[in-house]
Amino acid sequence: MPQIRTRYAPSPTGYLHMGGAWMAFFNWLHARNHRGVFILRVEDTDRTRSTQEYEDSIFADFGWLGITWDEGPDVGGPLGPYRQTERTALYARYAQALLDRDAAYPCYCTPEELESDRARASSAGRSHRYSGRCRDRMPSERTALEASGRRPSLRLRVTGSSEPIVVDDLVRGRVVFEPEHLDDYIIARSDGTPLYNFANVVDDHLMQITHIIRGSEHLSNTPKQLVMYRALGWTPPAVAHLPTILGADRKKLSKRHGDTAVRDYRSQGFLPEAILNFFALMAWHPEAEREVYALGELIQGFRLEDVGRSSPIFDLDKLTWLNGVYMRRLVENDRNRVVEMCARILEREGLLAGGMTSQQRQYLGQVVGVVGDRLKTAGDVMIYGDYFFREPVYDPEAASRHLQPASAPLLEALAAGLEGLEPFDRGPIEAVLRGVCADAGVEARALVHPARVALTGRTAGPGLFELMEVLGRERALERLRRAAVLAAGGSGAGAG
RNA sequence: GCCCCCAUCGUCUAGCCGGGCCCAGGACGUCGGCCUUUCAAGCCGGUAACGCGGGUUCGAAUCCCGCUGGGGGCACCA
C-alpha cells in the first residue's frame, strides 16, 4: 500500500476557526495513524480576500494546537510549492492540456450576463444551469469576440454524458449524481487565475494526495471534480466527507457564532490538548464509555470509517468541563504551565506587568496552588484569584449579607489575633480564628464568611486559611480592618 | 425551485453493517443529597432519547418504503 497522504487546504481569508481546525485534525489523525504524510496547502487564489497576516495566524494557531505538517509553504517538501499563487504555471499547463483535448472551452459570457441568466431562471422557478452559450462557438466567433476586447473564462465540458457519476465516499457510502444536474463550470477566471474546483484537483493529484478528507459542504463539488480527473486522465484519490460542525443555532459554525476562532480559545486560557481531545468527541468517540484520551491513543485508535455522518453541535460546556479536567491535572503535574497561562491573563487584565520577577513568579505559583484546582480555564483566575493582585472588589450582595455590625468586632479580634502571629501559616491562622470564635461564643462560620468577603470581596473561593497565608499578613490585616469599619457602619451597603 | 446529505436524552455519543443480551449504555448540562468554612472538585442518586407512519419478521433503535424535520450545495468564493 502506498504511503497515505492527506492535506488541509485553508484559504487565508480569516483566522483559523474551530470547524477548520477540527477538519484538519481528522486529516492529521488519519495520516499519523497510517504513518503517512500530512500536508498544509494554502489556497490563496482569491487574492482579494487572502492576506499574509491571516496565513501567518493560521500557521501559528496550528502550531499552538500541536497539529504539525510534513509539507507546506513554510517547511517546503518535494511536491511544492504549497501556496497556490506560486503554482500558476502549473495551472496554466493543465488548462492548456484541457483546451488541447477539447475538454474545456473559452467562455465569453460576462459576469453580468450570467447573473441575469440566473435571475431569470430563478424568477421562473427553474434551477439555473449555465446556458451553454459559448459551448460550441466557431473559431471565427471566438476571434471576433476577443477582438471586441472580451477576455474569456474557461469552462470544463461536463454536459454530454448520460452516465451517472458515482462517488464512493469512505464515510457516506455510495452517492450517485445524475449528470443532467451538472453543468459546464468555470475552472479559470478571465484573468487566467484558477478556481477552486480546478486548482484543487491539480494540486491534489500533483501532491499525490491519497485521501481527501473534507467537509460535507464539498460533497456536491465531488462529481464535478471527478469529471476533471477523468478529463485529465488521472485516478482520483479516495474521498471522505465529514459532517459540518454546527453552532448552537444549528447552522454551520462560522464567524457569526461569536468565539469560533482558535485564537480566542487560546486567549481565554484553554489548553490545546483539551481542545484536541474534545475534537475527537465530535462525530467520533474512540470508546463508548470514556471521554479522556491521550493524543497518542487518538492517533492509534483513529479509523476514518468510524466517523459519524450527522452534524454535531459545538458544545462549549463540554469543552469547558474537559479543559477543567486537564487543568487540574496540570496543577498537579506541571504547575509552571498553569502559572504561565495565568500570567498571560493577568497581564492582559492589567493586574501584572509583563516580564515577571522571580518573586512574582513564586507568588503566582502560590496563588495557583490555592486556586488552581478550580480553574476550568486559565481565564478563571480572574474569577477565583483577582484579589491576590488588586484590592478586592466587593460583591454588593456578599457585602450586605456578611459585613453586618455583628461581625465587626469579630473581624477586629481576628486582625488583632493575627497581628504578631508567627509563622503566618494556614495552621496557626486557623487556630487564631477558631480561638476568636470560641471566645465570642459563636460558630466558626460566623467569622469565616465575613472574613472571606473582607479579603476577597466574594463568597466563593479557596480555603480561607490558605488564602490568607498566600495573601500575607500586611494585606490581610489591612483588609480585615477596613471591612470591620465598613461592617460597623451598617448594612455594608455602599461597599465597593 | 433543483440536487445531495443527515435523523438515539437539551448537547456530545454507544448500540445499527452481521435484527433478540436495549422497557436503550456512558459523558456534559441540569436537579437533589453527601462531604465541607464558601465555591469548585470528588462521591451517591434523579431527570431525560430511539421524529412520525407503514411494512418485513416469532421478534426492529437496528432491515425496507413513505412522510416530516434539520443541514449543505446550486459564484469568474473556497
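Here is how names work: the chains are called A, B, and so on, in the same order as the sequence lines, proteins then strands, and each is numbered from 1.
Searching all strands for a Watson-Crick or G-U wobble partner of B/C9 with both distances below 3.5 Å returns nothing. Judged by Watson-Crick or G-U wobble contacts below 3.5 Å, the nucleotide B/C39 has no partner. Nucleotide B/C17 forms a pair with no other nucleotide shown, judged by Watson-Crick or G-U wobble geometry with both contacts under 3.5 Å. Across all strands shown, nothing is found opposite B/C22 as a Watson-Crick or G-U wobble partner with both distances under 3.5 Å. Using Watson-Crick or G-U wobble geometry with both donor-acceptor distances under 3.5 Å, B/U57 finds no partner in any strand shown. Both distances falling under 3.5 Å, in either a Watson-Crick or a G-U wobble arrangement, place B/C2 opposite B/G73.
In this structure, A/Phe62 and A/Tyr8 have perpendicular ring planes: the angle between them is above 60°, well past the 30° mark. Ring geometry for A/Tyr229 versus A/His205: interplanar angle over 60°, hence perpendicular rather than tilted (30 to 60°).
Look at A/Arg250 and you won't find any side-chain N or O under 4.0 angstrom from OP1 or OP2 of B/A7. Residue A/Arg290 has no polar side-chain atom (N or O) positioned under 4.0 Å from OP1 or OP2 of B/A14. Side-chain N/O atoms of A/Lys252 include one lying less than 4.0 angstrom from OP1 or OP2 on B/G73. Between A/Arg458 and B/A40 there is no side-chain N or O to OP1 or OP2 distance below 4.0 Å. The shortest distance between the side-chain N/O atoms of A/Thr193 and the OP1/OP2 oxygens of B/C76 is not below 4.0 Å. At least one side-chain nitrogen or oxygen of A/Lys376 sits closer than 4.0 Å to the OP1 or OP2 atom of B/A41.
B/A40 and B/C35 are spaced 13 Å apart, taking the C1' atom of each and rounding to whole Å. Annotation: B/G46 and B/U8 have their P atoms spaced 25 Å apart (nearest Å). Nucleotides B/G15 and B/C22 have their P atoms positioned 15 Å apart, rounded to a whole Å. Separation of the C1' atoms belonging to B/C9 and B/A14 is 13 Å when rounded to the nearest angstrom. If you take atom P in B/G69 and the same atom in B/U57, they sit 31 Å apart, rounded to whole Å. To the nearest whole angstrom, the two P atoms, one in B/C43 and one in B/G26, are 14 Å apart. Between B/C17 and B/A60, the two P atoms lie 14 Å apart (nearest whole Å). Comparing B/G32 with B/G70, their P atoms are spaced 34 Å from each other, to the whole Å.
Within the 4.5 Å cutoff, side-chain heavy atoms of A/Arg214 are placed close to those of A/Asn200.
Among the atoms of the strands shown, base atoms are found under 4.0 Å from some heavy atom of A/Asp315. A/Arg129 comes within contact range of no nucleotide atom at all, as no heavy-atom separation falls under 4.0 Å. No engagement by A/Pro10 is indicated, since no non-hydrogen atom pair under 4.0 Å with the nucleic acid exists. Nucleic acid contact class of A/Thr110 (heavy atoms, under 4.0 Å, all strands): base. At the heavy-atom level, A/Thr459 lies under 4.0 Å from base atoms of the strands shown. Nucleic acid contact class of A/Gly463 (heavy atoms, under 4.0 Å, all strands): base.
Of the N and O atoms on the side chains of A/Tyr108 and A/Glu146, at least one donor lies less than 3.5 Å from an acceptor on the other residue. Side-chain contact check for A/Tyr196 and A/Asp46: no donor-acceptor pair (N or O, by modelled atom type) lies under 3.5 Å.
A donor N or O paired with an acceptor N or O is not found under 3.5 Å between the base of B/C6 and the side-chain atoms of A/Ser311. With hydrogens and angles left out, the side chain of A/Arg374 and the base of B/C39 share a donor-acceptor pair within 3.5 Å.
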Checking ring-ring contact (aromatic ring centres under 6.0 Å, His included) for the pair A/Tyr185/A/Tyr130: CA distance, chi angles, key distance, verdict? CA-CA 8 Å; A/Tyr185 66 97; A/Tyr130 174 57; over 10 Å; no

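For A/Ser190 and A/Tyr384, each mapped to the nucleotide of RNA chain B holding its nearest heavy atom, the one lying further toward the 5' end belongs to A/Tyr384. With RNA chain B read from its 5' end, the first of the two nearest nucleotides for A/Phe314 and A/Asp44 is the one closest to A/Phe314.
For the pair A/Arg137 and A/Tyr105, the NZ or CZ position fails the cation-pi test of under 6.0 Å to the six-membered ring centre and within 45 degrees of the ring normal.
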